[in-house]
Amino acid sequence: MSRVLIVGAGLTGSLCACLLRREMPNKVVVVWDKSRGAGGRMSTSRSPSDASCIVDLGAQYITATPYYAQMHHNFYEELLAHGVLKPLVSSVEGEVMKEGGQKNYVSPTGVSSIVKHFLKQSAGAEVFFDHHVTHIYQKGASWEVCRKGGAPEQFDAVVLTMPVPQILQLQGDVGSLLEKSQRQQLEAVSYTSRYALGLFYEAQAHIDVPWAAKYISNNPCIRFIAIDDKKRNLESPECGTSMVVHTSVPFGIKHLEEAKEQVEPLILEELNKLLPGLPQPDSIKCQKWRYSQVRSSVADCPGQMTLLPQPLLVCGGDGFTHSNFDGCIESALKVFDVLKSSL
């Protein structure tokens, strides 16, 4: 029975696992992720003192253009039917509307619930966290995959869905398998970098602003602020409120190599200038996004790149399409097409 390893438990990886289990249930599907939980850049964090108080540190809401609402209709309908998505009814100040219109959706229980839904739907897949892949070697008709602090394992096919720079950092046979043109394409992929700050408040705290989320223009530090429970239309006097702050890309790049402990007070100082009189947060989570959004993807957005057809080694993720929900779905579908024809 074929064993397929999917590296990365973000949206592309989880959807690949789901499609494999649904369409090819005779395959053994294994998912490894180096983090402690699922989500990737669809990251949701909880208050250490109140589990019901959450904040999205990565993606904030899902925007569906008419084209993708039709193209990916089944996925949107599935998530809406399960209550994983619901329409965004709160105001987002400063949002740039796409030509032709759009619909925005939020996740009532946090944006990571989208990824967790597809992992749950991949029933039978073996999902492991704290599994950091370091080396991949070709061993005849299979792959030997090594990870930090664990024994190597054998797989018949490997799918890589992490950010493209991390694919290029893999040791073993990956480098020698890349054709010159493929390497050039991968090296041309670039990402924006930024910091995100999650602030958790006690239930009695009140943040008096007329919007649920706001894009900030002409600020060297802060680009976006959201009152998270208000964004989800789930404000409650029993539950603590939370806020997320995303920095601008220039700020993120300038401070990228600094420790989070050094950067956090700089963001807080600027936040208190923008919103004076904020209550004191109960706790703060600072997140560094080295690979926040794809600035420049693989040329012509093929959705996937096959490094070797037999045994199959294929790459996917938004670096091969475009950096949003629909880009990840598009890539997962392209990767799945390759898997179907190879296994």
Side-chain angles (χ1 to χ4, degrees), residues 36-37 39 41-62 86-95 104-113 193-252 254-255 258-289 292:
R36 290 179 296 170
R41 282 164 285 164
M42 285 190 155
S43 169
T44 303
S45 187
R46 295 187 182 278
S47 165
S49 59
D50 180 1
S52 64
C53 184
I54 60 174
V55 70
D56 289 327
L57 290 176
Q60 293 296 303
Y61 54 90
I62 305 300
K86 69 176 184 179
L88 171 65
V89 296
S90 307
S91 62
V92 180
E93 198 170 298
E95 181 186 24
N104 292 331
Y105 300 96
V106 288
S107 305
T109 55
V111 75
S112 67
S113 65
S193 301
R194 57 166 50 87
Y195 283 84
L197 215 59
L199 296 95
F200 301 99
Y201 297 90
E202 294 179 348
Q204 295 76 24
H206 179 63
I207 300 171
D208 188 19
V209 292
W211 36 263
K214 182 177 182 176
Y215 287 92
I216 310 295
S217 56
N218 304 317
N219 187 287
C221 174
I222 295 174
R223 178 67 182 113
F224 178 85
I225 303 173
I227 315 304
D228 221 64
D229 51 332
K230 195 173 181 180
K231 178 187 74 179
R232 294 190 186 88
N233 200 28
L234 290 173
E235 293 172 283
S236 165
E238 286 82 36
C239 178
T241 192
S242 60
M243 177 190 291
V244 65
V245 180
H246 279 185
T247 72
S248 67
V249 171
F251 179 91
K254 180 181 177 182
H255 299 280
E258 296 175 28
K260 290 186 289 186
E261 293 75 17
Q262 294 175 285
V263 180
E264 182 181 308
L266 302 178
I267 304 170
L268 286 172
E269 182 182 358
E270 198 61 42
L271 177 63
N272 284 300
K273 289 180 189 174
L274 283 170
L275 301 176
L278 279 176
Q280 189 68 23
D282 190 41
S283 60
I284 300 173
K285 171 73 181 288
C286 186
Q287 175 75 45
K288 180 191 293 189
W289 293 114
S292 174

Legend entry - Close side-chain approach of Leu197 and Ile284, heavy atoms under 4.5 Å: yes

Legend entry - Interatomic distance, Ser107 atom OG to Met42 atom CE [nearest 0.5 angstrom]: 7.0 Å

Legend entry - Heavy-atom pair of closest approach, residues Ala59 and Asp56: O-CB, 3.6 Å

Legend entry - For Ser236, side chain to side chain donor-acceptor pair (under 3.5 Å) partners two or more places apart: Glu238

Legend entry - Heavy-atom side-chain proximity of Tyr215 to Arg223 below 4.5 angstrom: yes

Legend entry - Partner set under side chain to side chain donor-acceptor pair (under 3.5 Å) for Asp229, not counting sequence neighbours: Thr241

Inset, instruction - Only counting residues at least two apart or in another chain, list the ones meeting side-chain contact (heavy atoms from CB on, under 4.5 Å) with Ala196. - result: Leu57, His246, Gln287, Trp289

Inset, instruction - Kindly write out the residues that satisfy side chain to side chain donor-acceptor pair (under 3.5 Å) with Ser112, not counting sequence neighbours, or none if the list is empty. - result: Thr44

Legend entry - salt bridge (charged side-chain N to carboxylate O under 4.0 Å, His left out) partners of Lys273, counting only residues at least two apart: Glu270

Legend entry - Ser242 vs Ser47 side-chain heavy atoms within contact, under 4.5 Å: no

Legend entry - Side chains of Glu95 and Asn104 in contact at under 4.5 Å (non-hydrogen atoms): yes

Legend entry - Contacts of type side-chain contact (heavy atoms from CB on, under 4.5 Å), residue Pro250, not counting sequence neighbours: Ser248

Legend entry - Residue pairs fulfilling side-chain hydrogen bond (donor to acceptor under 3.5 Å, both in side chains) with at least one residue in residues 195-211, sequence neighbours excluded: none

Inset, instruction - Can you measure from CG (Leu268) to SG (Cys221) and round to the nearest 0.5 angstrom? - result: 9.0 Å

Legend entry - Atom pair CG/OG of Asp228 and Ser45 - distance to nearest 0.5 Å: 10.5 Å

Inset, instruction - Check whether any side-chain heavy atom of Met243 lies under 4.5 Å from a side-chain heavy atom of Ile225, and answer yes or no. - result: yes

Legend entry - Identified side-chain contact (heavy atoms from CB on, under 4.5 Å) counterpart of Leu271 within the set Ile216, Leu266, Val245: Val245

Legend entry - Any side-chain heavy-atom pair of Ile267 and Phe251 under 4.5 Å: yes

Inset, instruction - Quick one: list whatever passes salt bridge (charged side-chain N to carboxylate O under 4.0 Å, His left out) with Arg41, sequence neighbours left out. - result: Asp318

Inset, instruction - Could you list the residues that satisfy side chain to side chain donor-acceptor pair (under 3.5 Å) with Ser52, not counting sequence neighbours? - result: Asp50

Inset, instruction - Measure the spacing between NZ of Lys86 and CZ of Arg232 and express it to the nearest 0.5 Å. - result: 9.0 Å

Inset, instruction - Kindly give the heavy-atom pair with the smallest separation between Ser283 and Pro48, and that separation in Å. - result: OG-CD, 3.2 Å

Inset, instruction - Any chance you could measure Ser193, atom OG, to Lys254, atom NZ, to the nearest 0.5 Å? - result: 15.0 Å

Inset, instruction - May I ask you to decide if Glu261's main-chain N or O and Glu264's side chain share a donor-acceptor pair within less than 3.5 Å? - result: no

Legend entry - Distance-only polar pair, side chains of Ser292 and Arg194, donor-acceptor under 3.5 Å: yes

Legend entry - From NZ (Lys285) to CG (Leu199), nearest 0.5 Å: 12.5 Å

Inset, instruction - For Ala226, check side-chain contact (heavy atoms from CB on, under 4.5 Å) against everything at least two apart and list the hits. - result: Gln60, Ala213, Phe224, Lys231, Val244

Inset, instruction - Using atom types as modelled and distance alone, determine if a side-chain donor or acceptor of Lys230 lies under 3.5 Å from a backbone N or O of Ser91. - result: no

Inset, instruction - Please name all residues satisfying salt bridge (charged side-chain N to carboxylate O under 4.0 Å, His left out) with Glu93, sequence neighbours left out, ordered by chain then number. - result: Lys214

Inset, instruction - Using the test ring-ring contact (aromatic ring centres under 6.0 Å, His included), find all partners of Tyr61 that sit at least two apart in sequence or belong to another chain. - result: none

